[in-house]
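Take a look at the structure below.
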Amino acid sequence: MIGSRGVERIVEIELLGKDREAFDKSVGAVQGLVEACKKIAPDLLGR
């Protein structure tokens with residue numbers, strides 16, 4: 001869980017089947033957005 005000070009708690013759950021597929025698709029989308037942001041504004045993420 002992410003709060004105002006960053007990661008506050010880690011919750012582990014098991015995802016199977018379509019739920020896992022949907023999660024993996026979401027992860028890929030976020031990774032794509034991060035890469036796009038790095039190209040647009042390299043200093044934005046401090047890396």
Side-chain angles (χ1 to χ4, degrees):
M1 299 180 83
I2 299 175
S4 62
R5 292 174 288 171
V7 176
E8 294 182 354
R9 184 167 56 137
I10 295 173
V11 178
E12 293 186 30
I13 59 173
E14 184 176 350
L15 298 174
L16 302 171
K18 292 194 181 289
D19 291 330
R20 180 60 191 223
E21 291 174 23
F23 177 78
D24 290 341
K25 184 176 180 180
S26 294
V27 169
V30 171
Q31 288 173 332
L33 289 171
V34 169
E35 291 305 314
C37 289
K38 286 180 183 179
K39 290 177 183 174
I40 294 169
D43 296 331
L44 184 67
L45 301 174
R47 294 184 185 160

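All of these numbers come straight from a predicted model, not from anything done at the bench.
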Practice task
Please report the closest heavy-atom contact between Leu15 and Arg20, naming both atoms and the distance.
Solution key: O-CB, 3.7 Å

Handout entry: Atom pair CD1 (Ile13) and CZ (Phe23), whose distance is rounded to the nearest 0.5 Å
Key = 7.5 Å

Completion exercise
Rounded to the nearest 0.5 Å, the CE atom of Met1 sits from the CD atom of Glu8 at a distance of 8.0 Å

Problem - Short N-O contact, Lys38 and Glu35, less than 4.0 angstrom - result: yes

Exercise for the section: Give the intermediate values and the outcome of side chain to side chain contact (heavy atoms under 4.5 Å, CB included) for residues Val27 and Lys25. Expected result: CA-CA 5 Å; Val27 169; Lys25 184 176 180 180; over 6 Å; no

